[in-house]
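What follows is one structure encoded as structure tokens, with my remarks underneath.
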Amino acid sequence: MSAVPAERAPEATLLSRGLQAVRQAMAGEAAVWAYIGKVLIALYGSGWLAMRLGMTSPGTAMITVLVVMNRNTGMVLAKAFYRGLGTVVGCVMAVLLVALFPQSPVALVTVMALWAGFCAGGSVWSRGMASYGFVLSGYTVAMIVFPVINHPENLFSNAIARTGEVLLGMAVTSVVFDVLWPDRMRAGLRRTDDNNLNDFLDFVAGAIGGRLRGFEVIERTQTRVVQGAINFEDMRATAYFDDPILRSSNGQLKLINQHFMAAASRFQALHHHMERLLRRDEQAVVAAMRTLLAPLSRLLDDTSLREDVPRLSLALRQWNEQLGAAIAAQRSTMTPDNGDSFDASVLLLRRFGDELQAYVQAKERMETGKGRWRARAHRLSRVRFTRAHDWYAIALAAVRCFTVMLALSLLWLSSNWNQGGLAVFGMAALVAMSSAAPDPLWVVRRATIGHAVAPFFALPGFIAMALAVDFPMLLLLTLPTMIASLYIATRPRFAVIGMAMNVGILVSWNMGAQFHPSAQAYLDNSLTIVIGAFVAMLVFMLVPGLPGSRQRQRRLLERLRAQVQQAVTAPLPGLLPKFESVCRELFQQVASRTRPDTRQSRELFEWAFLVHEAGHRAIDLRHDLAEQDLPPPLRAQIEQALAQLGQLYRQPRANVHRAARDSVQAALAQLRGPQPQVLRNVRDHLYLLQLTLQDSATVLAAHVRRAHRHQRLKEARHAV
């Protein structure tokens, strides 16, 4: 009896080892195959429903699934929402344009190209998921109009059919991804929020404790902090579609991100102020500030405390409460010569402490559910993350899409190319979708590769489709091709290629209501979509060379400096959140086009720091003017100093720099001697602004000197 198990033991061991090897190989692939399974269910489910409902093009519903699919449920729901909205708008626009130009194909395609260009520019302007709605609005018109351009009487039925197929694919995908193994954004959003807090606290503790030294280290850390705020905002906007709990907490999440950005800016200002004091050899003030910050450094180095947000919030509150006595003790050691510098430094320290405490308290209220959020709902609704826009890039995207679509449409009309409409449609869709990408040419090149490979990849499935007599057999015959293609799309390196290949396969198959594959349609569709992709790639190879990256970087830097003027002149309500978000957005756009650890990168960071610093000083002074009853001469002098400050950052010239510095000094001259607390804050704000303007080591001072030398050389040439 015992001999049988002994003989089978090697076989059992071999089998268990094989199963263990398979489990190890598939350890990281479970989520991938769950995602592929959901896509396949939605893909073939939408196709089956479209056939059962008698729709003329089930392939359109299936392509919609491939376009909307995403591993994250919130992304799927957001894309489906904006795709549905864009499809409805495009359908209405198609009917309107054909009604206006029923017998004028040239005029019709011209107006369609204008509309596509407008939508391409809109996708660059809006970014995020909303840009997807613009893209769909643009190319849906082409999808509906081109097949019936010579038979406008069929427009309405074609519009209803295409819109119904798109909405069907969108609905099926939304239901499948929301019901089957949903991947909610709640955990990812919380993880991003926690990472932002930990990165920021690491930055603060490291900078205070002296562990972060050197410009490159500070630059990389600050970049990560900025990117964290933008990533959190993008996820929050998408999570609104994903989870009812996140929808109800939307205002809280926005406020947390605003406090995060404000705390980062306040610490940044404090850190650079202390570096400026070191350059001015004010060692006593720096030593006093380090003594005041030492308890905070020890507090933030406690990892167990940082993992417990309520305890961390309580500890920060206690540190803030004890700060007053510590400041008084250090103030008594200051001499009259460095008293003003110490007072201004303390103002920055208190502002940073207040913002850090507010940030951690907001996070605590979010986690514990405590606090009067509902009573503050009206204020939370006004918190906005304002995006920064490059109008040149928007106009370029619009003109590019309009010009190429019009040229290709006119070529199609004059050549009587049967499938030319599909080529124009594919080209317009690819150009519009790629325009909003950071590197459009990179995206289009890979999409073109995917479309070029798709016909060969689709060929075995197309041949097998001839054997299908019903939908289950069609599914079995095409399933291997779709599984392989979808798996390729899950590889990060080949994601864009895989997405284009997925769509290209279905375009080549041209699935209709009946199982009668046509070799002619297969060749026509495959060749046409590839031609459209190659034209789109050619467009991006030629047009992006015209503006040049250097010119775009210069424009973005000018817009970044212009934010100081906005801080001086824009309406005060809601100005600080708008200033924070726009500056960070512009900073990120410029940084993404600058190689790290270079002279250009260093100048960019220095400009970003100065803009933040000057903008905050301007907003603080404007609050002083709005909230305090200042003497009229002092008020007039501060207003003049603010006007000169805004002009300086718009036009960094020697005479403007001198005028701004003199205006600040004149305002400070009116505040000499003992002053009440209200005027002390005004004096400290002006003193900090004066230190910035007097600092000869800043990139602003270097720019002013270069501009002055250039002007003198120019005058000398004219004199000769």
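- Atom CZ of F260 sits about 4.0 Å away from atom CG of N196, to the nearest 0.5 Å.
- Across every non-hydrogen atom of L575 and A567, the tightest pair is CD2-O, 3.6 Å.
- Counting only heavy atoms from C-beta outward, the side chains of L278 and Q283 approach each other to under 4.5 Å.
- Distance alone, capped at 3.5 Å, is enough to place a donor-acceptor pair between the H685 side chain and the N681 backbone.
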Check against salt bridge (charged side-chain N to carboxylate O under 4.0 Å, His left out), R617 and D620: CA-CA 5 Å; R617 295 291 80 76; D620 290 338; 3.3 Å; yes
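- When side chains are defined from C-beta on, P652 does not count as touching H657, because their heavy atoms never get closer than 4.5 Å.
- Side chains of S341 and E282: a donor-acceptor N/O pair is present below 3.5 angstrom, by distance only.
- A donor-acceptor contact shorter than 3.5 Å links the side chain of T692 to the backbone of L688.
- Using the six-membered ring where Trp is involved, F579 and H616 have ring planes that are perpendicular, over 60° apart on the 30 and 60° scheme.
- Put simply, the side chain of R622 gets close to the backbone of A570: a donor and an acceptor are under 3.5 Å apart.
- A distance of 8.5 Å separates CE in M289 from CG in L277, rounded to the nearest 0.5 Å.
- A side-chain donor-acceptor contact under 3.5 Å links N320 to the backbone of G353.
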From CA spacing to verdict: side chain to side chain donor-acceptor pair (under 3.5 Å), S313, E364: CA-CA 7 Å; S313 177; E364 177 194 7; 2.9 Å; yes
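- Across all non-hydrogen atoms, the minimal contact from L560 to V611 is O-CG1, 3.4 Å.
- Of the inter-residue distances, the one linking R561 atom CZ with Y649 atom OH reads 10.0 Å to the nearest 0.5 angstrom.
- The minimum heavy-atom distance between D684 and A344, with the atom names listed, is OD1-N, 3.9 Å.
- A salt bridge is defined here as a Lys NZ or Arg NE, NH1 or NH2 lying under 4.0 Å from an Asp or Glu carboxylate O, and D301 with R298 fails to meet this definition.
- Of all the heavy atoms in I394 and G121, the pair that sits closest is CG2-O, 3.5 Å.
- Between L312 and L299 there is a side-chain heavy-atom pair separated by less than 4.5 Å.
- Heavy-atom contacts from other residues, nucleotides or ligands closer than 6.0 Å to CZ of R635 number more than 12.
- Here the side chains of M274 and L293 are in contact, with some heavy-atom distance below 4.5 Å.
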Audit row: T569, L642, side chain to side chain contact (heavy atoms under 4.5 Å, CB included) steps and yes/no: CA-CA 9 Å; T569 60; L642 288 173; over 6 Å; no
Full working for side chain to side chain contact (heavy atoms under 4.5 Å, CB included) between H612 and F609: CA-CA 5 Å; H612 261 87; F609 295 150; 5.9 Å; no
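- Checking R331, R680, R350 one by one against D343, the salt bridge (charged side-chain N to carboxylate O under 4.0 Å, His left out) holds for a single residue, R331.
- Aromatic ring orientation, F134 versus F118: perpendicular (interplanar angle above 60°, classes split at 30° and 60°).
- The closest side-chain heavy-atom distance from R317 to Q361 is below 4.5 Å.
- For the side chain to side chain donor-acceptor pair (under 3.5 Å) with R276, the qualifying choice from H271, E613, Q694 is E613, the only one to do so.
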Side chain to side chain contact (heavy atoms under 4.5 Å, CB included) assessment of L296 paired with L316: CA-CA 8 Å; L296 178 62; L316 287 174; 3.7 Å; yes
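- Of all heavy-atom pairs spanning L300 and A205, the tightest one is CB-CB, 4.0 Å.
- L349 has its side chain within reach of L323: a pair of non-hydrogen atoms, C-beta onward, lies under 4.5 Å apart.
- With rounding to the nearest 0.5 Å, the separation of CD1 in I638 from CG in D624 is 7.0 Å.
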Y359/L197 under side chain to side chain contact (heavy atoms under 4.5 Å, CB included): CA gap, chis, key distance, verdict: CA-CA 9 Å; Y359 172 37; L197 176 64; 3.5 Å; yes
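- How far OG of S663 is from CD of Q640: 4.0 Å, rounded to the nearest 0.5 Å.
- In this structure, I327 CD1 and S332 OG are separated by 12.0 Å, a value rounded to the nearest 0.5 Å.
- Residues H259 and E355 are in side-chain contact: their nearest non-hydrogen atoms beyond the backbone lie under 4.5 Å apart.
- Considering all non-hydrogen atoms of both residues, G615 and V564 come closest at N-CG2, 4.4 Å.
- Side-chain contact check for L648 versus L700: some heavy-atom pair is nearer than 4.5 Å.
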